[in-house]
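None of these values were measured; they are calculated from a predicted model.
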Amino acid sequence: MKTKQLLVALLAVFALLAAACGSDSDDSATESDDTTTETAETEEDSGGEEEAMEEDGEEEAMEEEEAPADTAAGSGGELVLLQWQAPSQANGLLSNGTKDLLASSLVLEPLAEYGPDGSLIPALATEIPSSGNGGIAADNMSITWTLRDDVMWSDGTPFTADDVVFTYEYCSNEETGCSVQAFTKVANVVADDDFTVTVTFNEPQPYPFEAYVSYTSPIIQRAQFADCVGAAAKSCSDQNFAPVGTGPYVVTDLRPEDTVTYEMNANYRGAAEGKPFFGNVTIKGGGDAEAAARSVLEVGEADYAWNLQVAPEILAPMEATGNGRLASAFTANVEHINLNQTDPFADPPSEGTPNPLFVDNPDLHRALSIAINRDELVAVGYGPAGNPTCNMWPVGSQNSTNNDWCLTQDIAGANALLDGLGYEDTDGDGVREAEGYGPLEFDYVTSTNAVRQSNQELIASYWAEIGVKANMLNEDASLFFDGTCASDVCIWKFFTPMQMFTNGASGPYGPGYLNGWESEKVPTSGNAWGGDNIPRLNSAEYDALSLEASTTALDDPNFDSLVIEMNDILSTSAVIPLIHRANASAFSADIQGTGDLNGWDSEYYNIEDWFRG
């Protein structure tokens with residue numbers, strides 16, 4: 001216990017020294033895959049977290065100024081955005097990585113997007129379909145969208161329903177490797193006329209707002225991508241790096257894992273109203289979260305910094321300089337450990353062969369989980385921007401209490417569970433062995449980030465007390481979260497026994513997020529590593545619950561319990577949830593029009609409204 005307390009103290013001292021000396025720490029990474037994964041995917045607040053943030057002195061939403069009415073579109077100069085996890089490409093349909101989805105969202109748009117409060121906002125549609133306006137069929141088998149008739153692609157050609165149909169054709173071809181899983185529920189998409197499209201489902205969908213909704217499911221242009229369907233998709237570099245879009249900006253140059261530059265879309269529908277304000281945008285990658293925060297909050301070299309997974313005692317003095325402001329939002333982002341349900345040492349690795357230790361071994365999962373002191377992890381790395389959690393879906397009335405046993409560290413209980421499994425340290429080296437497997441020694445990888453390495457060290461120290469050895473590895477964030485999976489270290493390939501990062505949902509609909517762990521959504525070489533089920537959960541019970549939940553009305557008394565059951569299976573088998581994280585970003589003090597930080601969709605969802613005040 002003294003060793004653990006000393007480690008916590010040393011980590012805290014390190015954070016304070018870093019703040020005092022102004023030194024940058026290791027690269028870091030997050031997905032809010034994530035979608036994602038730090039990628040990408042999102043949910044409704046449980047309520048208590050926001051109250052806690054206010055109690056801890058978090059700023060309330062600022063009163064936003066409005067840009068001068070006579071400002072010409074594109075007259076505001078350059079906007080500099082720091083994404084220390086640099087984008088790999090700009091086609092949001094081919095990546096679950098938040099870093100790529102953000103880069104895409106300046107160019108490509110969906111039919112509707114989520115606002116900061118989780119409500120739906122029309123984007124390329126004129127309104128949100130409902131049963132009242134005739135947009136949702138009485139049997140929940142179809143949804144009809146009415147499209148705006150004033151939208152042009154950036155090449156000057158009209159946006160029509162045919163492009164919406166094509167996007168379905170593109171993603172319904174499995175060889176394309178689309179990261180969007182919502183299209184698996186779609187039977188067909190039909191253009192009723194140039195500005196009306198009907199989506200028909202395979203099963204009744206009480207919540208039909210997944211396909212074409214949020215920055216994870218944008219529309220692409222048939223004319224540009226017609227030759228990029230199927231196996232050809234990944235080789236269409238020109239299209240994936242610089243898609244023709246309907247958003248406020250167009251890509252002028254994309255250097256993977258480095259920089260993306262944009263200029264104003266001259267055909268953007270808001271140009272007559274002076275939107276967007278900025279004529280050019282640059283996304284700069286590289287460095288780490290702490291350096292990005294310092295550039296905005298202290299030095300004033302940039303206008304925005306994303307995903308500030310930085311210790312609170314380091315961020316606070318930066319914000320105190322008065323050059324910028326921090327913004328945060330709790331949705332459904334959870335830092336967690338994946339336990340690979342396939343064998344990463346088989347041939348081929350992590351494809352099909354069950355993991356000999358992690359599959360159907362609830363006592364091992366529970367032992368690893370209860371050995372962890374989540375309160376210490378939060379104190380060292382997150383402060384008020386994190387809360388201990390035992391759930392992958394810590395949202396509102398669907399936040400399960402069945403797993404609260406994980407909130408209390410229990411080293412003795414963990415040791416007893418491992419004793420009961422017959423895992424003993426037979427050679428006295430401090431590491432238990434499992435018959436037929438060998439030592440309980442695992443490679444445990446995450447992205448390069450000071451907070452994550454601190455949490456890794458703590459977890460390794462906890463597990464050492466129960467005879468489990470964790471070999472701590474870390475990879476550059478731009479490679480770890482690279483949605484193209486060009487490198488073997490990308491999270492979707494998962495060629496190690498354990499990995500740690502943050503996942504979140506794009507939208508407040510639980511079944512739409514949790515269905516990402518269905519058995520058919522495992523990433524493989526055959527689907528270009530395009531599936532969401534990164535830990536490779538293979539559970540018939542989970543699959544059946546997912547189908548039932550997705551076809552159950554939201555006001556059905558059983559709806560919440562179905563979502564909780566799914567969460568409980570996932571959170572006690574293939575995943576060890578750790579921390580419910582807030583989205584955390586920084587804005588320069590003179591950047592206005594941003595509104596509340598959007599944790600449910602792209603943080604750039606309203607970038608056309610941003611201006612320099």
Side-chain angles (χ1 to χ4, degrees), residues 31 33-40 79-110 113 123-124 153-155 159 163 166-167 170-171 176-180 214-225 227-228 232-265 267-268 276 278 280-286 304 306-307 477-479 481-486 490 506 528 530 601-605 607-608:
E31 284 279 289
D33 173 154
D34 303 146
T35 83
T36 267
T37 322
E38 300 240 300
T39 274
L79 179 71
V80 178
L81 312 173
L82 300 184
Q83 288 183 208
W84 50 272
Q85 294 176 30
S88 306
Q89 46 104 354
N91 179 357
L93 293 174
L94 294 185
S95 179
N96 278 336
T98 306
K99 65 190 185 71
D100 299 333
L101 291 167
L102 287 170
S104 169
S105 70
L106 275 70
V107 176
L108 300 176
E109 297 179 287
E113 55 199 3
L124 294 177
W153 291 102
S154 56
D155 64 2
F159 162 74
D163 296 302
F166 172 73
T167 299
Y170 178 84
C171 280
T176 299
C178 266
S179 57
V180 184
S214 96
Y215 72 145
T216 64
S217 191
I219 313 300
I220 56 175
Q221 186 193 52
R222 180 187 290 274
Q224 185 186 28
F225 282 88
D227 296 329
C228 298
K234 292 292 178 73
S235 62
C236 288
S237 297
D238 290 345
Q239 293 88 339
N240 296 331
F241 282 19
V244 173
T246 57
Y249 293 98
V250 296
V251 175
T252 56
D253 186 43
L254 189 150
R255 301 176 185 178
E257 325 305 342
D258 187 359
T259 304
V260 189
T261 57
Y262 306 80
E263 65 183 13
M264 188 191 82
N265 173 7
N267 291 300
Y268 183 60
F278 295 99
N280 301 91
V281 177
T282 301
I283 293 178
K284 292 184 177 181
Y304 161 92
W306 166 72
N307 190 21
S478 293
L479 300 177
F481 299 118
D482 177 10
T484 70
C485 269
C490 85
S506 294
D601 212 303
S602 171
E603 291 188 15
Y604 307 146
Y605 85 108
I607 198 167
E608 67 273 14

Does any N or O in the side chain of [X] come within less than 3.5 Å of the main-chain N or O of [Y], such that one atom is a donor and the other an acceptor?
| X | Y | result |
| --- | --- | --- |
| Asn265 | Gly247 | yes |
| Asp601 | Tyr215 | yes |
| Ser217 | Ser214 | no |
| Thr167 | Ile219 | no |
| Asp482 | Cys490 | no |
| Lys284 | Thr259 | no |
| Ser179 | Leu93 | yes |
| Thr176 | Cys178 | no |
| Gln221 | Val244 | no |
| Asn267 | Ser154 | yes |

*Within a radius of less than 6.0 Å around NZ of Lys234, do more than 12 heavy atoms belonging to other residues, nucleotides or ligands occur?*
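Yes, because the 6.0 Å sphere around NZ of Lys234 holds more than 12 heavy atoms from other groups.
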*Identify, with sequence neighbours excluded, every residue that meets salt bridge (charged side-chain N to carboxylate O under 4.0 Å, His left out) alongside Glu608.*
none
*For Gly483 and Ser95, work out which heavy atoms get closest and say how close.*
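In this case the closest contact between Gly483 and Ser95 is CA-OG, 3.4 Å.
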*What's the shortest heavy-atom distance between Thr484 and Ser88, and which atoms?*
CG2-CB, 4.3 Å
*Using a 4.5 Å cut-off on heavy atoms from C-beta on, say whether the side chain of Val260 contacts that of Leu106.*
no
_With heavy-atom distances below 4.5 Å as the criterion, would you say the side chains of Ile607 and Tyr249 are in contact?_
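With C-beta onward as the side chain, the pair touches.
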*Apply side-chain contact (heavy atoms from CB on, under 4.5 Å) to Cys228 and list each qualifying residue two or more places apart in sequence or on a separate chain.*
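Here the qualifying residues are Tyr170, Phe225, Cys236, Gln239.
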_With rounding to the nearest 0.5 angstrom, report the OG to NZ distance, Ser478 to Lys99._
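It comes to 5.5 Å.
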*From Gln224 CD over to Asn240 CG, what is the distance, rounded to the nearest 0.5 angstrom?*
8.5 Å
_Run Leu81 and Trp306 through side-chain contact (heavy atoms from CB on, under 4.5 Å) and show every step you take._
CA-CA 8 Å; Leu81 312 173; Trp306 166 72; over 6 Å; no
*Derivation of the side-chain hydrogen bond (donor to acceptor under 3.5 Å, both in side chains) call for Glu109 and Thr246*: CA-CA 6 Å; Glu109 297 179 287; Thr246 57; 2.6 Å; yes
*Among all residues two or more places apart in sequence or in another chain, which pass the ring-ring contact (aromatic ring centres under 6.0 Å, His included) test with Tyr605?*
none
